[in-house]
There are 2 protein chains.
Amino acid sequence: MSGSKPRYPLADFKVGVDNVIFSVDTDQNRLLVLLVMRQQEPYRDCWCLPGTLVRQGESLEDAAYRILAEKIRVKNLYLEQLYTFGEVGRDPREAPNSYGTRYLSVSYFALVRFPEAELIADRVSGIAWYPLKQVPQLAFDHNRILEYGHRRLCNKLEYSPVAFDVLPESFTLSDLYQLYATVLGENFSDYSNFRTKLLKLGFLSDTGEKVSKGAGRPASLYRFDAEAFAPFKNKPLVFI
Amino acid sequence: MSGSKPRYPLADFKVGVDNVIFSVDTDQNRLLVLLVMRQQEPYRDCWCLPGTLVRQGESLEDAAYRILAEKIRVKNLYLEQLYTFGEVGRDPREAPNSYGTRYLSVSYFALVRFPEAELIADRVSGIAWYPLKQVPQLAFDHNRILEYGHRRLCNKLEYSPVAFDVLPESFTLSDLYQLYATVLGENFSDYSNFRTKLLKLGFLSDTGEKVSKGAGRPASLYRFDAEAFAPFKNKPLVFI
DNA sequence: ACAAAAGTGTTGCTGGTACACCCATGT
DNA sequence: ACATGGGTGTACCAGCAACACTTTTGT
């Protein structure tokens, strides 16, 4: 932001914020992404990530929270910036000679709890949780953004406790295991070793309640104990 | 980027790119950051990160490479996007009522080889490698950006081979060790264990050449073998 | 001869992997 | 009774931390 002489004309930008919002359906063990249907050109009637253009007086993060709140009601969520996409021509609204306004997309990555998240349908546009594997062709470069978000999710899972932002407040250890398995793919770890390791860490507290899933012994419900996790904060903990 | 009605006026942006460029002086074991002196208002005569505003027809990355090339000549470098800062009022050029043009900063993180990097002094502005510990107050929110970049560097060092983008082409194992020690702080590992571990991984090839550093036995020069590293790519390898 | 820096080897322990096994429930 | 899913225990082995030791140089 220093030193360039204005001999070369600067580009003018509108800035969009696009959210990759994940949740997990623990009953069906599916990783879900929130998609909305565009109601305007360009890409009218195409599915896309929920996004918006940044308004006057609004920070990037404000904008990210705004669309999120327009689309779903949640009690709890995790949100962080993902990446900024700014190639010339990534948005068809840019004039073909690229001398007009450019459109930048700052993407955000969010995790919400599936059972607690109420979708807000405004009776005009479509909105839906899509299983990641069934996501169709999206508007703009949103498939790429989504892919980027998915990679981030995989990484985050391994070394930070984001899992507990996607799982319901209380959950069984199989829920947790299944979450890792659905996101990271099978055979990332043996179930019983996974149990022992996590319990030994000591930030999962047994609620005493049990829950039955069909046949078989009922499972204990656990809760994530943020207090007990504190010492691990910023440590290069690996969850595997 | 969908669905908002233009009832609320959108913000107009100029987009800046700011680079956090690190290198390491292996002789003095110092981590260095490239700073330049601003020649214009605002913050005239303040040190800041080398940056520029994005021009018409130029991608973010193009802009990042452009300033880099304006400030230093390098053969080899590592560059990746860092973070995007877009709070209202982060740049004093924004009108106080925040209804004028906003200034966004997309920051990039770069590593270059100190001995190979020639600074380009344009006889007007100052430019200098600053030891990280001695960085003064910078213009804008650049101290914050720098801090963010430093955290990224620490993380990257641990699980990816970026070290070899900062070190010279061939280096001794102490150089490598010292690099980790200066960036990550002392006592991150025992020297001899560090040696054994890295050599066992097998992607450091001995060049046969030796080099003496004062008294003591001369050290072997090693070279990073990208071929041999390939299998580790994308694996959650930890270097410690 | 001695200090300094590079490089090798040994040993004990931690913690992960791969299982085998026991427990509680539905049908 | 037995299938199903939850939960515990054990035995082996890789890999790492700690530290003692050897080698090669400069002075």
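Proteins get letters first, then strands, A, B, ... in listed order; numbering begins at 1 in each.
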Heavy atoms, side chains only, cut-off 4.5 Å: are [X] and [Y] in contact?
X        : Y        : value
A:Leu79  : A:Leu68  : yes
A:Arg113 : A:Lys75  : no
B:Trp129 : B:Leu119 : yes
B:Ile72  : B:Leu77  : no

[X] [atom1] to [N] [atom2], straight-line distance once rounded to whole Å:
X        : N      : atom1 : atom2 : answer
B:Phe194 : C:dT8  : CZ    : P     : 15 Å
A:Tyr191 : C:dG16 : OH    : P     : 18 Å
B:Arg195 : D:dC16 : CZ    : C1'   : 17 Å
B:Leu198 : D:dG15 : CG    : P     : 14 Å
A:Asn29  : D:dG5  : CG    : P     : 12 Å
A:Lys210 : D:dG5  : NZ    : C1'   : 13 Å
A:Asp206 : D:dG6  : CG    : P     : 15 Å

Check side-chain hydrogen bond (donor to acceptor under 3.5 Å, both in side chains) between [X] and all other residues, then give those that pass, not counting sequence neighbours.
X        : value
A:Arg144 : A:Glu87
A:Glu80  : A:Tyr78, A:Arg152, A:Lys156
A:Trp47  : A:Tyr130
B:Asp165 : none

Check: When you check the phosphate oxygens OP1 and OP2 of C:dG7, does a side-chain N or O of B:Ser220 lie under 4.0 Å from one of them?
Finding: yes
Next item on the list: Could you tell me which residues satisfy salt bridge (Lys or Arg N to Asp or Glu O under 4.0 Å) with A:Glu227, sequence neighbours excluded, listed by chain and number?
Entry: none
Notebook entry, point to check: Using Watson-Crick and G-U wobble pairs whose two distances are both under 3.5 Å, how do you write the pairing of DNA chain C as dot-bracket, with | for links to another strand?
Noted result: |||||||||||||||||||||||||||
Checklist line | Earlier contact from the 5' end, DNA chain D, for B:Pro218 and A:Pro218 | finding: A:Pro218
Next item on the list: Return the 5'-most residue of the pair A:Ser212, B:Tyr222 with respect to DNA chain C, ranking by each residue's nearest nucleotide.
Entry: B:Tyr222
Notebook entry, point to check: Taking the six-membered ring for Trp, are B:Phe171 and B:Phe164 ring centroids under 6.0 Å apart?
Noted result: yes
Item checked: For B:Tyr222, all residues meeting ring pair (Phe, Tyr, Trp, His ring centres under 6.0 Å), sequence neighbours excluded -> none
Item checked: Sequence-distant partners of B:Tyr177, ring pair (Phe, Tyr, Trp, His ring centres under 6.0 Å), two or more places apart -> B:Phe188, B:Tyr191, B:Phe194
Note to self: Please determine whether side chain to side chain donor-acceptor pair (under 3.5 Å) holds for the pair B:Thr182 and B:Asn29, giving the CA-CA distance in whole Å, both sets of side-chain angles, and the decisive distance to 0.1 Å.
What the structure shows: CA-CA 6 Å; B:Thr182 39; B:Asn29 288 324; 5.3 Å; no
Check nucleotides 11-15 of chain C against the protein and report each pair of N or O atoms closer than 3.5 Å, with its distance, or say if there are none.
none

Below 3.5 Å is the cut-off: list the nitrogen or oxygen pairs between protein and nucleotides 18-23 of chain C, distance only.
| from | atom 1 | to | atom 2 | distance (Å) |
| --- | --- | --- | --- | --- |
| C:dA18 | N7 | A:Asn193 | ND2 | 2.8 |
| C:dA18 | N6 | A:Asn193 | OD1 | 3.0 |
| C:dC19 | N4 | A:Ser192 | OG | 2.5 |
| C:dC23 | O4' | A:Arg217 | NH1 | 3.4 |
| C:dC23 | O2 | A:Arg217 | NH1 | 3.4 |

Next item on the list: May I ask you to list the residues of residues 166-178 of chain A, by number, that have any heavy atom positioned under 4.0 Å from an atom of DNA chain D?
Entry: A:Ser174
Next item on the list: Not counting sequence neighbours, list each pair that qualifies as a salt bridge (charged side-chain N to carboxylate O under 4.0 Å, His left out) and has a residue in residues 203-219 of chain B.
Entry: B:Asp175-B:Lys213
